[in-house]
Protein chains: 2
Amino acid sequence: MTIMSDINLGPLTTLTGYALRRAQVAVFQDFHAMMEHEDIRPAQFSVLEVLKHNPGLRQTQVSLTLGIKSANFVPLFDALERRNLAERRPIEGDRRARGLFLTQLGLDTLTRLEKLVDQHEARCETKLGPTGKRTLLDLLHRLTEAR
Amino acid sequence: MTIMSDINLGPLTTLTGYALRRAQVAVFQDFHAMMEHEDIRPAQFSVLEVLKHNPGLRQTQVSLTLGIKSANFVPLFDALERRNLAERRPIEGDRRARGLFLTQLGLDTLTRLEKLVDQHEARCETKLGPTGKRTLLDLLHRLTEAR
DNA sequence: TATTGTTATACTCTATAACTATA
DNA sequence: TATAGTTATAGAGTATAACAATA
């Protein structure tokens, strides 16, 4: 039980990157707590969602979209395939590439995951207030977009 | 040269955690590019700032404040000490604990780093607009604070 | 020659358990 | 018994280079 000490953070208090990191860690901890017994990580969830909404994409397209290096995407997707949540299928006309799809189990699982994520997201919205989340997303997009 | 494809991100488009992660990565990349030839990482910078504003803190206090596990703090601080940027000193009255301080070189270095960080932060502010940054910090704090 | 996917590998970050020396 | 710091270690996450198969 530590007394809340008045430690001076100096310029960190107004440093965008520092605030971003702390908030991201906090939000991801909540996500992780929610997904723990489903054993799904944020990156895996994002891949499943992309495949649900864009079945048949190539690995390069998915990994580029999500900012995952193709070399790192391979073991990530291998794990999903091993669990029979998603699969690689041959593509007509290009025997180098593979199309990525959810399996039926993957789709069913994702439906269950989305309910959990909705609860997780609701907790964020509670903290941010009704208009706060919209504002936050807008500001974050400005930081993410190149230029 | 890839054509910008219209890939559907589904619920990720309004997922706070996803937007947070992408923004944090973008901001940290800019920080890293700025600090590359100084060879200082975000966590190291934050430790140096805390020591500058709170000389003599114990390791536990610093690591707890910054959300770094004490076991991971040791090699982090070892590196700073090896480079003669900071040092551990004995504490009167408790021979288990050590007080942490910047060296003169550490203080001089930090002064130089702060100028770089100011430029980095200015780029963030440009993207966020004058009131945007203040709003963003407020919203991020709401996510970070427990409750 | 260029592209898709892959392997191997290394480095950072983070997490846990167990230890020491002191209190 | 509890605390401050430390060690060892394992697991993620991320980065680069090089390769095979195919275009």
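Residue numbers begin at 1 in each chain, while the letters A, B, ... track the order of the sequences.
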Report the residues that fulfil salt bridge (charged side-chain N to carboxylate O under 4.0 Å, His left out) with A/R58, sequence neighbours left out, ordered by chain and then residue number.
A/D94

Shortest non-hydrogen contact from A/T144 to B/A19?
OG1-O, 4.4 Å

Could you pull out all residues at least two apart from A/E92 that satisfy side-chain hydrogen bond (donor to acceptor under 3.5 Å, both in side chains)?
none

Send over the distance from B/Q59 CD to D/dT6 C1', rounded to a whole Å.
9 Å

Roughly, in whole Å, what's the span from CG in B/L64 to C1' in C/dA15?
15 Å

Applying side-chain contact (heavy atoms from CB on, under 4.5 Å) to A/H120 and A/M35, what does each step give before you reach the verdict?
CA-CA 10 Å; A/H120 154 79; A/M35 296 304 208; over 6 Å; no

If you take all heavy atoms of A/F45 and B/L12, which pair is closest and at what distance?
CE2-CD2, 4.0 Å

Heavy atoms within less than 4.0 Å of DNA chain C: which residues of residues 15-37 of chain B have one? Give them sorted by number.
none

For residues B/L136 and B/L143: do they belong to one hydrophobic cluster (side chain heavy atoms under 4.5 Å, members Ile, Leu, Val, Met, Phe, Trp, Tyr)?
yes

B/R98 side chain: which of D/dT6, C/dG5, C/dC13 is closest?
D/dT6

For A/I91 and C/dT3, what is the distance between atoms CD1 and P respectively, to the nearest whole Å?
17 Å

Check against side-chain contact (heavy atoms from CB on, under 4.5 Å), B/F28 and A/R21:
CA-CA 9 Å; B/F28 271 47; A/R21 176 183 163 267; 3.8 Å; yes

Excluding sequence neighbours, so at least two apart, what forms salt bridge (charged side-chain N to carboxylate O under 4.0 Å, His left out) with B/R95?
none

Passing candidate, side chain to side chain contact (heavy atoms under 4.5 Å, CB included) with B/Y18, options A/L140, A/L66, A/V27
A/L66

To the nearest Å, give me how far apart CZ (A/R58) and C1' (C/dG5) are.
11 Å

Pick out the pairs of N or O atoms, protein on one side and nucleotides 21-23 of chain D on the other, that lie under 3.5 Å.
unit_1, atom_1, unit_2, atom_2, d
D/dA23, OP1, A/R95, N, 2.8

Length of the CD1-P vector between A/I68 and D/dA12, whole Å:
16 Å

Write down the atom of B/R22, the atom of A/T65, and the distance for their closest heavy-atom approach.
NH1-O, 3.1 Å

Within residues 69-89 of chain B, find the residues that approach DNA chain C with a heavy atom at under 4.0 Å, and present them sorted by residue number.
B/K69, B/A71, B/N72

Distance, nearest 0.5 Å, that separates CG of B/D78 from CZ of B/R83
13.0 Å

